[in-house]
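Every chain is numbered from 1 and lettered A, B, ... according to where its sequence line falls, protein lines coming before strand lines. Quick caveat: nothing in here was measured; it's all calculated off a predicted structure.
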2 protein chains.
Amino acid sequence: MTKVTPWDVEGKIDYDKLIREFGVQKITTSLIDKINKIAGKNNFMLDRKIFFAHRDLEFALKEHEKDNLFLYTGCGPSGSIHLGHAMVWKFTKWLQDVLDVDLWFQFTDDEKFLFKDKSFEEIQELMKDNMLDVIALGFNPKKTHFLIDTKHASIMYPEAIKVAKKLTASSIKSCFGLGDSDNVGMFFYTAMQAVPAFLPSILKKKKMACLIPHAIDQDPHFRLTRDILPKLGFFKPASIQCSFLPPLTGVEGKMSSSGDAFIALTDTPEQVKKKINKYAFSGGQDTLEEHRKRGGNPDIDISFQYLRFLFEPDDKKLSKIKSDYRTGKLLSGELKKILIDKINDFLKHHQAEREKAKKKVDQFVLKI
Amino acid sequence: MTKVTPWDVEGKIDYDKLIREFGVQKITTSLIDKINKIAGKNNFMLDRKIFFAHRDLEFALKEHEKDNLFLYTGCGPSGSIHLGHAMVWKFTKWLQDVLDVDLWFQFTDDEKFLFKDKSFEEIQELMKDNMLDVIALGFNPKKTHFLIDTKHASIMYPEAIKVAKKLTASSIKSCFGLGDSDNVGMFFYTAMQAVPAFLPSILKKKKMACLIPHAIDQDPHFRLTRDILPKLGFFKPASIQCSFLPPLTGVEGKMSSSGDAFIALTDTPEQVKKKINKYAFSGGQDTLEEHRKRGGNPDIDISFQYLRFLFEPDDKKLSKIKSDYRTGKLLSGELKKILIDKINDFLKHHQAEREKAKKKVDQFVLKI
């Protein structure tokens, strides 16, 4: 069974169906051209339709022309940061760089505390750790502002209650599938998640447009936000939405940091090698002979998919890998080796930046 | 029909029934003696059973012996401060003075915004104004700390979510009668109201007892708080509960600042005179002759009741007024005159203090 909610993604995902059900728009080729024109370059995640859907993206780009746009994304600190997070945030960083705009980065420590069986202190520790990964990805410290739901509650809670006043328990139930046995913090939380979509407008004292890069499972939060913000005098937030980086075990569902089937940004080269070799679902044949003869299936091969999603930006190189794999010229083990090296190159750089990030946290956390 | 919820009090109230239904304890004569012994004097609001019920009051007094008690009360800023508020707070001030303890005074601006058809800005203005009345009542600025739910959210929200995580939507529904068409802020709010009952324990880094003076209609909030706090490692808050100061129009229900049938602490002497003469329900007879003959009924006479509740602390004087009224010696107009003079004496002093309070607010609002 397929399930796509902000907290659970399971099964084989039919993205065209999601687009219809969620009521979002496909990103068209002409829209990609527009972005490329502004950016002065292209982005493989757009070209490959990894970021594939949006709401009001054209409006956001128009406001950008008027220097009236900011970005908003977030992190729910409940475990290690993995490649699925990195995918969204690398694209977010690209957007920040090419658009040269402020990015508001929300850490939803309240959400994870309320929804997970973890203590407040555990969540705080995870959050501090997660921040290092975000910083290490290279966001511009002058234009990136960390908003922490609990720490910044004095500026966020007074705004969240304005959202909450327009949000009934039944709308939360139908949107998120919550029930009467769920805790009242869960009911309230989506009001906090709405705040960064308009807080910069308050702080800058002008009605600004907001663009939210996120994985499509988070859409329900912002659907409610879009209903409410105009009632409070703000624009509906625009969004640019991506598909899910799958778990190591196969192309269904999405990567999550529970279990072992994920690559954390803190994994050692040995762990990466071991995890990919052990878990990464292969589209290859059972024997060497058969593989040479019949070839592999890159569409269901996780190693190929990770190259496509994240680690091989060069279309020509990716295309060659694909055809070599399909024809049986490239073996599963060889394909895994390509991915392992790419991931470890990325992580080597990332982990060095992560060390440096320990001294940079104060530059990012919003001063109150 | 009788109704007693934190937001509505209607009808003739059977306090013995409330005690049974709410599961609170009657304040016994021996308990009053204990308080008097600690205080070194008596209080007419206890003697007259205006404060008549409690939870764990004996426990609170024991902790007070160990210098381990604080007081907590609050104000929901949705209108003018009236005599009903003054009654609870005058007793609270008396308790603070005789016990010599800290008082945490919560301003629930979020609650009133979420529950009332008023803007955030209106509530903020009302709150600033209400604070002047609280200060004017003479609380010790060195031991009184104003906690404002929105302003102090950075310290309150992180604690409120710990309460919220243990509070289901269904428990809120059954306790407060909320439904799915109510907003999610209303569901969450009671978690904020719980915080001052344990925040001082966190700030002082020791497990302290909390005593809450309040009108009995607020009991449902603290019933939930009492269930949850031990799970978070704190004591159940104790409470000392009063009956309702009735509206001018009669002994049913409670005084509220909607309509005209209340005395605000900012009323002019002329307004007081006019309101008492126009609205204060009289237990007297229709004609002077009949009154002299049959006498009045002080039990349903609002002027007499206000003297009993607030303005004639001297039992002998009150008793004389009562018998003079009952025998017809004292006329309704004369009784009203006694009350009007008492109220205006009180308000003259209060309003002078209120002017001075404008310069004192900073001494009371908790520094963050």
Side-chain angles (χ1 to χ4, degrees), chain A residues 108-121 123-124 148-176 178-195 202 224 228 232-233 366 368, chain B residues 108-121 123-124 127 148-176 178-192 194-195 202 224 228 232-233 366 368:
Chain A
T108 62
D109 57 343
D110 52 348
E111 176 195 20
K112 292 304 174 183
F113 171 72
L114 289 162
F115 281 84
K116 299 272 177 185
D117 188 20
K118 284 198 157 72
S119 75
F120 189 78
E121 291 68 29
I123 297 289
Q124 296 303 306
I148 303 164
D149 285 357
T150 58
K151 183 183 173 74
H152 295 110
S154 290
I155 55 173
M156 295 184 71
Y157 180 72
E159 304 307 326
I161 58 175
K162 294 173 193 167
V163 177
K165 193 170 180 175
K166 301 198 179 295
L167 210 53
T168 62
S170 63
S171 66
I172 293 292
K173 283 182 169 183
S174 66
C175 197
F176 299 116
L178 294 185
D180 281 350
S181 61
D182 287 312
N183 77 59
V184 293
M186 294 160 83
F187 277 80
F188 182 72
Y189 165 71
T190 208
M192 289 293 278
Q193 179 143 344
V195 173
I202 294 173
L224 289 178
I228 290 170
L232 299 177
L366 183 72
I368 40 170
Chain B
T108 62
D109 57 343
D110 52 347
E111 176 195 20
K112 292 305 174 184
F113 172 72
L114 289 162
F115 281 83
K116 299 273 177 183
D117 188 21
K118 284 197 156 72
S119 75
F120 188 78
E121 290 68 28
I123 298 288
Q124 296 303 308
M127 183 171 67
I148 303 164
D149 285 356
T150 60
K151 183 183 173 73
H152 295 108
S154 290
I155 54 173
M156 295 184 71
Y157 181 71
E159 304 308 327
I161 58 175
K162 294 173 193 166
V163 177
K165 194 170 180 176
K166 301 199 178 296
L167 210 52
T168 62
S170 63
S171 67
I172 293 292
K173 282 181 170 183
S174 66
C175 196
F176 299 116
L178 294 185
D180 281 350
S181 62
D182 287 312
N183 78 59
V184 293
M186 293 160 83
F187 277 79
F188 182 73
Y189 164 71
T190 209
M192 289 293 279
V195 172
I202 294 173
L224 288 177
I228 290 170
L232 300 177
L366 183 72
I368 42 170

Asker: Nearest 0.5 angstrom please: F187(A) CZ to F187(B) CZ, how far?
Answerer: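 Taking CZ in F187(A) and CZ in F187(B), the distance rounds to 6.5 Å.
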Asker: Looking only at heavy atoms, what is the nearest atom pair of A153(B) and S154(A), with distance?
Answerer: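 That would be N-OG, 3.6 Å.
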Asker: Check K173(B) against K173(A) and note the closest heavy-atom contact, atom names and distance.
Answerer: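 Closest heavy-atom pair between K173(B) and K173(A): NZ-NZ, 3.3 Å.
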Asker: Side chain, backbone, both or neither: which part of K162(A) has an atom under 4.5 Å from a heavy atom of chain B?
Answerer: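 Contact with chain B is through both the backbone and side chain of K162(A).
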Asker: Checking K151(A) side chain against P158(B) main chain: does a donor-acceptor pair fall under 3.5 Å?
Answerer: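 No: the side chain of K151(A) does not pair with the backbone of P158(B).
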Asker: Using the test side-chain contact (heavy atoms from CB on, under 4.5 Å), find all partners of A164(A) that sit at least two apart in sequence or belong to another chain.
Answerer: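 Applying side-chain contact (heavy atoms from CB on, under 4.5 Å) to A164(A) gives F188(A), A191(A), L114(B), V184(B).
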Asker: Could you tell me which portion of F120(A) (side chain, backbone, both or neither) has an atom closer than 4.5 angstrom to a non-hydrogen atom of chain B?
Answerer: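 Contact with chain B is through the side chain of F120(A) alone.
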Asker: Report the distance from atom CG of N183(A) to atom CD1 of I161(B), rounding to the nearest 0.5 Å.
Answerer: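 Between atom CG of N183(A) and atom CD1 of I161(B) there are 9.5 Å.
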Asker: Restricting to salt bridge (charged side-chain N to carboxylate O under 4.0 Å, His left out), what partner residues turn up for K118(B), sequence neighbours left out?
Answerer: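 By the salt bridge (charged side-chain N to carboxylate O under 4.0 Å, His left out) rule, K118(B) matches no residue at all.
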Asker: So, applying side-chain contact (heavy atoms from CB on, under 4.5 Å) with D180(A), which one of I172(B), T168(B), D180(B) is it?
Answerer: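 Single side-chain contact (heavy atoms from CB on, under 4.5 Å) partner of D180(A) among I172(B), T168(B), D180(B): D180(B).
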Asker: Side chain, backbone, both or neither: which part of D110(A) has an atom under 4.5 Å from a heavy atom of chain B?
Answerer: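 D110(A) touches chain B through backbone and side-chain heavy atoms alike.
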Asker: State whether the side chain of K165(B) and the backbone N or O of M186(A) hold a donor-acceptor pair below 3.5 Å, judged by distance alone.
Answerer: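 Checking the backbone N and O of M186(A) against the side chain of K165(B), no donor-acceptor pair under 3.5 Å is found.
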Asker: Measure M192(A) against the heavy atoms of chain B and call it side chain, backbone, both or neither at under 4.5 Å.
Answerer: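 Looking at M192(A), just its side chain touches chain B.
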